[in-house]
Amino acid sequence: MSKDLILSFKHAISKAFAELYDHELPFESVKIEKTNPSFEGSFTFVVFPYLRVTKSKPEATAEAIGEHVLSSMDEVKATNVVKGFLNFEITDQYWIAYMSGLLRSERLGKPTATPEKIMVEYSSPNTNKPLHLGHVRNNLLGFSISQILSYYGHDVIKANLINDRGIHICKSMLAYNLFANEETPETNGTKGDHLVGKYYVEFDKAYRQEQSDLIDSGKTEEEAKLQSKLMADARDMLTKWEQGDDETLALWNKLNGWVYEGFETSYTRMGVDFDTYYKESNTYLLGKKMVQDGLEKGIFFKKEDGSIWVDLTDYGLDQKLLLRADGTSVYMTQDIGTADLKYKDYAMDRSIYVVGNEQEYHFKVLKLILKKLGQPYAEGVQHMSYGMVELPSGKLKTREGKVVDADDLMDEMHATAKERTEEQGKTDGLAKESMQELFETLGLGALKYFLLKVDPTKRILFNPADSIDFQGNTGTFIQYTHARGQSILRSSAITPSVAEHVELNGYEQNLIAHFFQFDDVLKEAAQQMSPALIAQHLYDTAKNYNSFYNQCPILKAENEDIIGLRLALTQVTVTMLQTCGNLLGMAMPDKM
RNA sequence: GGUCCAAUAGCUCAACUGGAUAGAGCAGCUGCCUUCUAAGCAGCAGGUUUCAGGUUCGAGUCCUGAUUGGAUCACCA
């Protein structure tokens, strides 16, 4: 119903061109924009591009088209012209009917007409260390994008590809054997992923000590590297792992098990989840056969040493290694195999990889290789590339301890939320349990909004010295507005309703016109895979509502029609905040 | 060095993909709680959109060049 208004404009303007200027302007190409807030009206048509057709001045053209549209569309109350801008003002009747529809509708936002099956892979952690702030951004983005695509009407499968094998986990295993004295998460009271991460750092420490000892005893840096016993032992462990050595596998299983438990706790707390898991230990061999097949078909080539390569110089890229001379697989080999396995499992239309922009080259190459292999799913491979999270001192680096730990950060956010709430004396009348829940909701809400409101493609600078805000353009502001709206709905005996002939003031009309934008926002957010657009809409919703709230008494309005209308505005605002909050994975408290 | 990306208020970010007077928040300053939640609202101040050219009715947005910062070009993942 609602979107027909824009369509009507397009047809009316197209018709005006035909009748006034004898010019055929396809209605699809008519651009209707939102009117800049400093001018009267809700929708704008810019005539500048058509002056060649109309052969008259901008003002005259706009006036003429305006008159024509005004007489053909009941929804248009008035028009005004500023230079080449033709602004349309909409009748209260239209807004009221639209609002009435919103209040009755089951869901806000129009789903897509052509649903697809889409896999979204995100998180994809290594099992040698706990999650940090970079992973938090990845997890929140991946989850939110999944929510958005799913709400938009697609069939979404959330996947996590766990990098559970390789030299990195062997380092933790080796250090555990050397230094741990059989300690476990239970005996130590530490989360499993943190315990394993501790030994990853221990390895690095011991390795550096070994290196400096070797250099002190007169070796060069290169010699020291080659003579490292620790590194040799780690590699040896990897070989044993690949050979299926029982003892090594047992240790590997034990440590990884701890890590999974730790991750699961963090995921649950963050509010993200997955429909399916892939483990690299199961998929790393799959790509080999595809590479061999490609070699036989002449798509790839073999070098003298027996290694297999793909030549991408035709695409302006280099040659890329696909299989080592000793037959072991590399990252690309695994990803080729995993892509194929995913498709065999789900036969999806699109496969989205939520991975940092440092891997843009890798995914460009992956897609080209799959195309060369003639895989039907190659075209659907899509890298959702996002910017890194950086500290003032630069990139996050686990080994150097330059890292913001995910669990610590969530603890801090919880603690800050508690502090702020107590400062304001808002803990009265809350049970201890629901207080804990509220602090968690507020702390995590602030964190999620902070990370999701910025354009995913841009990098984020995080300064641990200034804490994440709870005031202004923040998650807290959104949550506060929600709690405020809920409070009013709770305390009213009157049911929200939209009477047919109420008059709208500017605040009310702004709010409705803002609701009107949501269809577009949802569509754009789904197409661009940008939770930031949802966050922006969320902020504007809260901003508009608060402004309205401050100017217009709701429960004490002049008559029941106005009370009903303002309650209806409150109701739809609350629903909008919940809906969009949900798309960002943010919980909305009823009281705060 | 090749390729790609970014640069907007003191700080952190917007700007509907070429439209009107570049907008928010934080920080600073002024007002508003005896009325539905002041984690709020209203306002002041803050800008040569890194620089130099170009394209056109019109450029933060497009093209060229420069400067600065980042990523990548691994038999790491």
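Please read all numbers here as calculations on a predicted model, not as lab measurements. Letters A, B, ... mirror the listed sequences (proteins, then strands); counts begin at 1.
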Apply ring pair (Phe, Tyr, Trp, His ring centres under 6.0 Å) to [X] and list each qualifying residue two or more places apart in sequence or on a separate chain.
{"X": "A:Tyr284", "answer": "A:Trp241"}
{"X": "A:Phe548", "answer": "A:Tyr545"}
{"X": "A:Phe48", "answer": "A:Phe85"}

Can you give one letter per nucleotide of nucleotides 71-77 of chain B, going 5' to 3': B for a protein heavy atom under 4.0 Å from the base, S for sugar-phosphate only, - for none? SSS-BSB
In a table with atom names and distances, give each donor-acceptor pair under 3.5 Å that connects a side chain of residues 555-565 of chain A to protein atoms at least two apart or in another chain.
residue  : atom : partner  : partner atom : Å
A:Asn559 : OD1  : A:Asp561 : N            : 3.0
A:Asn559 : OD1  : A:Ile562 : N            : 2.9

Using a strict heavy-atom distance below 4.0 Å, which residues from residues 35-50 of chain A are in contact with RNA chain B?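 Output list: A:Thr35, A:Asn36, A:Phe39, A:Thr44, A:Val46, A:Phe48, A:Pro49.
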For RNA chain B, which residues in residues 477-491 of chain A have a heavy atom at a distance below 4.0 Å?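 A:Phe477, A:Tyr480, A:Ala483, A:Arg484, A:Ser487, A:Ile488 - these, ordered by number, are the residues of the stretch whose heavy atoms sit under 4.0 Å from the strand.
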Please tell me if [X] has a side-chain N or O lying less than 4.0 Å from either OP1 or OP2 of [N].
{"X": "A:Lys83", "N": "B:U21", "answer": "yes"}
{"X": "A:Gln424", "N": "B:A39", "answer": "yes"}
{"X": "A:Lys426", "N": "B:A39", "answer": "yes"}

Under-3.5 Å N/O pairs linking protein and nucleotides 3-8 of chain B:
none

Heteroatom pairs (N/O) under 3.5 angstrom, protein to nucleotides 60-62 of chain B:
none

Select base, sugar-phosphate, or nothing to describe what [X] touches, counting heavy atoms under 4.0 Å on all strands.
{"X": "A:Asn87", "answer": "base"}
{"X": "A:Asp590", "answer": "base"}
{"X": "A:Gln527", "answer": "nothing"}

Which protein N or O atoms sit under 3.5 Å from an N or O of nucleotides 25-31 of chain B?
residue : atom : partner  : partner atom : Å
B:G25   : OP1  : A:Lys543 : NZ           : 3.3
B:G25   : O2'  : A:Asn473 : N            : 3.3

For residues 528-539 of chain A, which side-chain N or O atoms pair as donor and acceptor with protein atoms under 3.5 Å away, sequence neighbours left out?
residue  : atom : partner  : partner atom : Å
A:Gln528 : NE2  : A:Glu524 : OE1          : 2.5
A:Ser530 : OG   : A:Ala532 : N            : 3.4
A:His537 : NE2  : A:His514 : NE2          : 3.3

In this structure, which stretches of RNA chain B are paired as stems of three or more consecutive Watson-Crick or G-U pairs, both distances less than 3.5 Å?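 Output for stems: B:1-7 with B:67-73, B:10-13 with B:23-26, B:28-32 with B:40-44, B:50-54 with B:62-66.
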Between A:Phe45 and A:Tyr50, does the ring centre distance come in under 6.0 Å?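 Distance test on ring centres: under 6.0 Å, yes.
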Is it true that A:Tyr386 and A:Tyr122 have ring centroids separated by less than 6.0 Å?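 Distance test on ring centres: not under 6.0 Å, no.
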Anything under 30° is parallel, anything over 60° is perpendicular, the rest tilted; go ahead and classify A:Tyr353 against A:Phe363.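 Plane angle between 30° and 60°, so tilted.
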